[in-house]
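The first residue of the sequence shown is numbered 1, and numbering continues consecutively from there.
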Amino acid sequence: MIHSNINPPLLASYAHLVHCSGEALGDLGPKNEVVMEECELPLIDLSGLRNGNEAEKVACVSAICKASSEWGFFQVVNHGVSLELLRKMRREQKKLFESSFEKKYSCGLLNKSYRWGNQTATTTKQLSWSEAFHVPLDKIFEEACCEEFNSSREVMGRYAGEMQKLARMLARVLVTNMGEEREEVYNICDESTCFLRLNRYPICPIAPEVFGLVPHTDSDFLTILHQDEVGGLQLMKDSKWVAVKPNQDALIVNIGDLFQAWSNDAYRSVEHKVMVNAKVERYSIAYFLCPSSDSVIGSCKEPSVYRKFTFGEYRSQTQQDVKKIGQKVGLPRFLNCDRSLNHSTLSTT
């Protein structure tokens, strides 16, 4: 049974930010829907990597690398993750989010990984109309305080394992394409360093001007996203926002900041966001391929666009920027000293 108080107090937070920031937004009633240009991401059949046909493998590798360079996003089918597992994970995800807000917030579910909104927001443009469980993979099976979610942890563990295999396969393709045979990029990313993020975007009565997730780039090597049929994901393409047409049969892959830095800008970490819906809630699950905090990120080629930095240093700088100026700056903070902030990577902020 779905509880009536499952939603976090997002509307109250929004109203509070309007009041405190003095924004002249009129009433908080529904607004006219914004019409957004829709795009279909490059669709790649990954069976070409496995079926033994060399020509199909070459074509598949080429498609992955081209999309990573031109779009920073692509979608994959025949990816090796069973549809039944994807359906089970979605059912367990909904069961978690249908718990009361008080339970999600205070019960310590999934290693106290629950979060909602943006507690550091000072304006409505910094508020994310969403809630999430951001779970380290190595914490999924830690002792839980609520036995009713044991099945969720079991399915989540299987799901994470499959995503881990897929992410490492894609990372190997991207690394090899740059002429590198070293395995550092995917060997430094394992269940002790990677994350799952279960997202729910509640119905928003003041859509569509509210972000479900504020514009950002991902601070990892790559992200694998499983989303429902609702839509709401938008990305920056050719200097304008475009809406991604949802495809439930495909998984979405996007390049993160670390791969852009490692590849010397050959691969693109593209700014994206989620917009909320006034009529229906939205669910998605993101897997993040991350290294350990002390892992050093350097370029695969010289001269390097970026100076070397650790993943811990990168996350710390990102957190400082968000706290100080309300948004992520990202890679431009790590340009080599002979580069200016007018470099094209400013488009990733």
Under 4.0 Å between a side-chain nitrogen and a carboxylate oxygen: does that hold for Arg115 and Glu131? no
Using the rule given for side-chain contact (heavy atoms from CB on, under 4.5 Å), can you reason through Leu196 versus Leu198, listing the C-alpha separation, both sets of side-chain angles and the distance that settles it, and then say yes or no? CA-CA 6 Å; Leu196 280 182; Leu198 283 58; 4.3 Å; yes
For Asn51 and Gly48, the nearest pair of non-hydrogen atoms, with its separation, is OD1-O, 3.8 Å
Looking at Arg90 and Ile285, would you say the former's side chain and the latter's main chain have a donor-acceptor pair under 3.5 Å? no
Tell me if a side-chain donor or acceptor on Ser130 pairs with a main-chain N or O of Gly212 at a distance below 3.5 Å. yes
The test is side-chain contact (heavy atoms from CB on, under 4.5 Å); show your working for Thr123 and Gln126 and say whether it passes. CA-CA 6 Å; Thr123 72; Gln126 295 170 4; 3.7 Å; yes
In Å, rounded to the nearest 0.5 Å, how long is the span from NZ of Lys237 to CG of Leu41? 10.0 Å
Same cluster or not: are Leu46 and Leu85 linked, directly or through other Ile, Leu, Val, Met, Phe, Trp or Tyr residues, by side-chain heavy atoms under 4.5 angstrom apart? yes
Can you find a heavy atom in the side chain of Phe221 that is under 4.5 Å from one in the side chain of Ile297? yes
Residue pair His272 / Met236, side-chain heavy-atom distance below 4.5 Å: no
Mark yes or no for whether Arg282, through its side chain, and Asp228, through its backbone, hold a donor-acceptor pair below 3.5 Å. no
N/O donor-acceptor pair under 3.5 Å between Asp45 side chain and Asn78 backbone: no
Decide yes or no for Phe101 and Pro9: does some side-chain heavy atom of the first lie under 4.5 Å from some side-chain heavy atom of the second? yes
Separation between CG of Asn254 and OG of Ser68, rounded to the nearest 0.5 Å: 9.5 Å
Spell out, yes or no, whether Ile140 and Leu166 are grouped together once hydrophobic residues are joined by side-chain heavy atoms under 4.5 Å, including indirect joins. yes
How would you list, by chain and number, every residue that makes a ring pair (Phe, Tyr, Trp, His ring centres under 6.0 Å) with Tyr283, sequence neighbours excluded? none
In Å, rounded to the nearest 0.5 Å, how long is the span from CH2 of Trp129 to OG of Ser13? 8.5 Å
Heavy-atom check, side chain of Asn277 versus side chain of Cys204, under 4.5 Å: no
Give me the ring orientation class for His134 and Phe288: parallel if the planes are under 30° apart, tilted from 30 to 60°, perpendicular past 60°. tilted
What pair of heavy atoms forms the shortest contact from Cys290 to Asp220, and how long is it? SG-CB, 3.7 Å
Are Ile203 and Lys279 packed together at the side-chain level, in the sense that at least one heavy-atom pair is separated by less than 4.5 angstrom? no
Work out which heavy atom in Thr122 is nearest to a heavy atom in Leu17; give both atom names and the distance. C-CD2, 3.7 Å
Main chain of Leu174, side chain of Tyr267: is a donor-acceptor contact present, judged purely on distance under 3.5 Å? yes
What are the two closest heavy atoms between Asn5 and Ser100, and how far apart are they? OD1-CB, 3.7 Å
Tell me yes or no: between the side chains of Glu154 and Asn150, is some donor less than 3.5 Å from an acceptor? no
Working to the nearest 0.5 Å, report the span between CG of Asp249 and CG of Leu83. 7.0 Å
If we ignore hydrogens and angles and just use 3.5 Å, is the side chain of His216 paired with the main-chain N or O of Val214 as donor and acceptor? yes
Intermediate values then yes/no, salt bridge (Lys or Arg N to Asp or Glu O under 4.0 Å), Glu38 and Lys245: CA-CA 6 Å; Glu38 193 172 54; Lys245 186 176 181 179; 5.2 Å; no
Working note: Gln227 + Leu251, criterion side-chain contact (heavy atoms from CB on, under 4.5 Å); need CA distance, chi angles, decisive distance, verdict. CA-CA 8 Å; Gln227 62 173 353; Leu251 297 174; over 6 Å; no
Any chance the rings of Tyr287 and His226 have centres within less than 6.0 Å? no
Between Ser295 and Thr310, is there a side-chain heavy-atom distance shorter than 4.5 Å? no
Kindly indicate, with the supporting measurements, whether the criterion salt bridge (Lys or Arg N to Asp or Glu O under 4.0 Å) is fulfilled by Lys95 and Glu98. CA-CA 5 Å; Lys95 185 170 73 173; Glu98 286 171 359; over 6 Å; no
Quick one about Glu92 and Ser152 (side-chain donor to acceptor, distance below 3.5 Å, no hydrogens or angles considered), yes or no? yes
Gln164 side chain to Cys189 main-chain N or O, any donor-acceptor pair under 3.5 Å? yes
Atom pair OG/CD1 of Ser69 and Ile64 - distance to nearest 0.5 Å: 11.5 Å
Counting only N and O atoms by type, is there a donor-acceptor contact under 3.5 Å from the side chain of Thr176 to the main-chain atoms of Arg172? yes
Which atom names give the shortest non-hydrogen contact between Ala160 and Leu137, and what distance separates them? CB-CD2, 3.7 Å
Run Lys57 and Glu54 through salt bridge (Lys or Arg N to Asp or Glu O under 4.0 Å) and show every step you take. CA-CA 5 Å; Lys57 180 179 180 180; Glu54 188 61 26; 5.2 Å; no
For the pair Ser113 (side chain) and Val135 (backbone), establish whether a donor and an acceptor sit closer than 3.5 Å, ignoring hydrogens and angles. no
Apply the side-chain hydrogen bond (donor to acceptor under 3.5 Å, both in side chains) test between Thr217 and each candidate in Lys328, Gln260, Arg268; give the one that qualifies. Lys328
Derivation and outcome, side-chain contact (heavy atoms from CB on, under 4.5 Å), residues Asp294 and Phe311: CA-CA 6 Å; Asp294 58 357; Phe311 184 45; over 6 Å; no
For Pro246 and Glu229, which heavy atoms make the closest approach, and how far apart are they? CG-O, 3.4 Å
Quick one, Val175 and Phe259 - any side-chain contact, counting heavy atoms below 4.5 Å? yes
Please determine whether a side-chain nitrogen of the Lys or Arg among Arg307 and Glu313 lies less than 4.0 Å from a carboxylate oxygen of the Asp or Glu. yes
Within a reach of under 6.0 Å around NZ of Lys273, are more than 12 heavy atoms found that belong to other residues, nucleotides or ligands? yes
Between Val270 and Phe211, is there a shared hydrophobic cluster once you connect ILVMFWY residues whose side-chain heavy atoms come closer than 4.5 Å? no
May I ask you to decide whether Glu302 forms a salt bridge with Lys308, counting only side-chain N to carboxylate O separations under 4.0 Å? no
What do you reckon, are the aromatic ring centroids of Phe309 and Tyr314 less than 6.0 Å apart? yes
Grouping I, L, V, M, F, W and Y whenever their side-chain heavy atoms are under 4.5 Å apart, do Leu258 and Met169 come out in a common cluster? yes
Are the side chain of Asn264 and the backbone of Val305 linked by a donor-acceptor contact shorter than 3.5 Å? yes
Does the side chain of Val253 reach to within under 4.5 Å of the side chain of Gln75, using non-hydrogen atoms? no
Are Val77 and Phe74 connected, step by step, through hydrophobic side chains (Ile, Leu, Val, Met, Phe, Trp, Tyr) whose heavy atoms are closer than 4.5 Å? no
Please name all residues satisfying ring pair (Phe, Tyr, Trp, His ring centres under 6.0 Å) with Phe97, sequence neighbours left out, ordered by chain then number. Phe133
From Thr120 atom OG1 to Asn118 atom CG, the distance as rounded to the nearest 0.5 Å: 3.5 Å
